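Everything numeric here is computed off the predicted structure, so don't read it as measured data.
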Amino acid sequence: MGRDTIANIITSIRNADMDKKGTVRIASTNITENIVKILLQEGFIENVRKHQENQRFFLVSTLRHRRTSKGVYRTISKRISRPGLRIYSNYQQIPKILGGIGIVILSTSQGIMTDREARLKKIGGEILCYIW
C-alpha cells in the first residue's frame with residue numbers, strides 16, 4: 001500500500017486548523033511544494049519556509065485563521081481523486097466550489113494549478129482536491 005501525500009497535506013492542514021494551531025509541518029516533495037504554493041497564493045496560508053532535519057526537508061507553513069459567523073476557525077478541504085479512483089475532467093466540466101469562492105486544485109499536463117488557471121488555459125486534468 002502506497003502513501004497518499006496529497007491526503008496527508010489536506011489532513012495535516014485540516015487538523016491544525018481545527019486545533020487552532022499556528023503552524024503545520026509537511027514533508028517536502030515536488031507535489032507538496034506546488035500545492036502549498038497554490039494555497040499561499042490563494043490566501044489559505046500566510047507563510048511557508050523550508051526546513052531541513054537529518055537529510056530530510058520539511059515545509060513549515062503558517063496558517064491563516066478565518067473566523068466564521070459562529071466564531072469557529074475553519075478551512076474546509078476535501079480530497080477528490082485518490083490512488084484507487086482517479087477523477088479527471090476537461091476544462092469545461094471543472095466544478096465551481098461555492099460559486100467560485102472555493103478553489104479546485106488540478107494536476108494537468110502543464111503542472112499543478114487552480115481551476116481558474118486551467119479554464120483560462122483551456123486544459124483539463126486530474127481533480128486533486130477542493131478547498132473552501
What heavy-atom pair brings S12 and V24 nearest, and what distance separates the two atoms? CB-CG1, 3.8 Å
Please lay out, stage by stage, how L59 and E33 fare under the test side chain to side chain contact (heavy atoms under 4.5 Å, CB included). CA-CA 8 Å; L59 297 174; E33 287 181 16; 3.8 Å; yes
Could you report the tightest heavy-atom contact between W132 and F44, atom names first, then the distance? C-CE2, 4.2 Å
Would I112 and I35 count as a side chain to side chain contact (heavy atoms under 4.5 Å, CB included) here? Give the steps. CA-CA 7 Å; I112 295 176; I35 291 174; 4.3 Å; yes
Going by side-chain contact (heavy atoms from CB on, under 4.5 Å), I103 matches just one of L98, I97, I38. Which one? I38
Do L106 and V104 come close enough that some side-chain heavy atom pair is under 4.5 Å? yes
From S107 OG over to R86 CZ, what is the distance, rounded to the nearest 0.5 angstrom? 9.0 Å
Considering only heavy atoms from C-beta outward, does the side chain of M113 approach that of K121 to under 4.5 Å? yes
Test item: T11 side-chain N/O and N8 main-chain N/O as donor-acceptor pair under 3.5 Å: no
Between OG on residue S61 and CD1 on residue I9, distance to nearest 0.5 Å: 9.0 Å
Shortest non-hydrogen contact from K21 to L63? O-CD1, 3.8 Å
Full working for salt bridge (charged side-chain N to carboxylate O under 4.0 Å, His left out) between E42 and K37: CA-CA 9 Å; E42 294 292 325; K37 186 170 73 172; over 6 Å; no
Does the pair Q93 and N90 meet the rule for a side chain to side chain contact (heavy atoms under 4.5 Å, CB included), with working shown? CA-CA 6 Å; Q93 296 175 340; N90 61 17; 3.3 Å; yes
Residues I45 and N47: closest non-hydrogen pair is CG2-O, 3.4 Å
Tell me whether the NZ or CZ atom of R25 lies within the 45° cone about the ring axis of F58 and under 6.0 Å from its centre. yes
L85 vs I87 side-chain heavy atoms within contact, under 4.5 Å: yes
For E126 and S81, which I'm curious about, is there any donor-acceptor pair between the side chains at under 3.5 Å? yes
Inter-residue atom distance D115.CG - Y130.OH, 0.5 Å rounding: 9.5 Å
Tell me which one of I76, I10, T114, L39 satisfies side-chain contact (heavy atoms from CB on, under 4.5 Å) with I131. L39
Note: R79 and L128 closest approach over all heavy atoms is NH1-O, 3.2 Å
Is there a path of hydrophobic side-chain contacts, each under 4.5 Å between heavy atoms of I, L, V, M, F, W or Y residues, that connects L40 with I26? yes
Closest heavy-atom contact between R119 and I94? NH2-O, 2.9 Å
Please check if atom CG in N30 has more than 12 non-hydrogen atoms from other residues, nucleotides or ligands closer than 6.0 Å. no
Just one of V48, I13, I31 clears the side-chain contact (heavy atoms from CB on, under 4.5 Å) bar with V36, so which one? V48
Test log, rule side chain to side chain contact (heavy atoms under 4.5 Å, CB included), inputs I127 and Y88: CA-CA 6 Å; I127 299 176; Y88 296 94; over 6 Å; no
Are side-chain heavy atoms of R14 and M18 found at a separation under 4.5 Å? yes
Using 0.5 Å steps for rounding, measure from the NE2 atom of H51 to the OG atom of S28. 12.0 Å
